[in-house]
Amino acid sequence: MAKDLRGKKVAFLGAGKMGGIILQALLKNGLLSPKSTFATVAHEERALALAAKLKVKVGTNNIEAARDADIIVIGVKPQVVEDVIREINGHITAEQLIVSVAASVPTSMIEKNLSANVPVVRAMPNTPCQLGAGMTAISKGKHASPEDVAMTCHMFEVVGRTVVIDEKHMDAVTALSASGPAYIYIILESLAEAGVKVGLPRDVATLLAAQTALGAARVVLETGDHPALLKDAVTTPAGCTIDAIMELEEGKLRVTLIKAVVKAAQRAKELAFG
Ligand SMILES: NC(=O)c1ccc[n+]([C@@H]2O[C@H](COP(=O)([O-])OP(=O)(O)OC[C@H]3O[C@@H](n4cnc5c(N)ncnc54)[C@H](OP(=O)(O)O)[C@@H]3O)[C@@H](O)[C@H]2O)c1
């Protein structure tokens, strides 16, 4: 499949939070036209509301939506994926492409529920996609071509950065970047509390914490420098930062974060469907 979304028909089966974010971004950027987009949800009243909001066709019939699409995005909850794939099986062909964003659902589970060799690509985005600041890891199933992967990257570049990885790393990605915004929000909340403790108004403390995190992240991404070197540049001998770092080390921030990601990755593996 050529790497150009324009002119492609796309079906979003399960246009909830994540499916909706991607769908809206593609429409907003003009990569999809409303007339070539068909979304589905479980409830009729939600279909009506979404159709009115996005001005695209929204229904509850997955077969009708998937049948004529070039790309079928699976955005339902992981436990619903198998039912949806079985439902559309027999109505789709190997000329189409399935892109699944479901956590803990391997491409092999989707492939084994389809009688045709439909290419499947797995994508693991995160919620900052809603502001175009997302991180999406992408991996290919056994029938997907490099062009299918390129097309999927093209889709997710509209909502942030992408990286192509081997599927064996998907549980690790789920634990690091898909769950990651939750860890960062806790860190930001704590830093804001700290600001309040040292006398700042809460709104100022939250702004300082969030903009500092954003700035530090941009420096890591844009310079490519190792975070340890960047930390050293802030840490003046006998200054204030080193005192704070000693507290962080004593409180085991570093090892706690590592253990948190390891736990989440184990859980993602345990939850694996199929
Ligand atoms: N949220 C995240 O941070 C995140 C990150 C990475 C990956 N994901 C993945 O994204 C997927 C969706 O998560 P979400 O947070 O977006 O969930 P969500 O908001 O609950 O969206 C799920 C959508 O699926 C619809 N649906 C349920 N059964 C259906 C069916 N049989 N046919 C068609 N549509 C159906 C629901 O319809 P109604 O609205 O009518 O109930 C809802 O719109 C999950 O597999 C998750 O693992 C989420």
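Order of listing sets the numbers, starting from 1, for every ligand and every atom in it.
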>> Counting only heavy atoms and a distance below 4.0 Å, can you name the residues contacting ligand 1?
In response: G14, A15, G16, K17, M18, T40, V41, A42, H43, R46, N62, G75, V76, K77, P78, V80, V84, V101, A102, A103, M124, P125, T127
> Checking salt bridge (Lys or Arg N to Asp or Glu O under 4.0 Å) for the pair R254/E249: CA distance, chi angles, key distance, verdict?
Replying inline: CA-CA 7 Å; R254 198 185 282 265; E249 298 294 5; 2.9 Å; yes
> Hey, are S145 and E147 close enough side-chain-wise for a donor-acceptor pair under 3.5 Å?
Replying inline: yes
> What closest approach, in Å, do A205 and A192 show between heavy atoms, and which atom pair accounts for it?
Replying inline: CB-O, 3.5 Å
> Judged by modelled atom types alone, do D171 and T174 share a side-chain donor-acceptor pair under 3.5 Å?
Replying inline: no
>> Taking CD in E222 as the centre, count heavy atoms belonging to other residues, nucleotides or ligands within less than 6.0 Å. Is the count above 12?
In response: yes
>> Looking only at the side chains, is there a donor atom on one of S115 and N89 sitting less than 3.5 Å from an acceptor on the other?
In response: yes
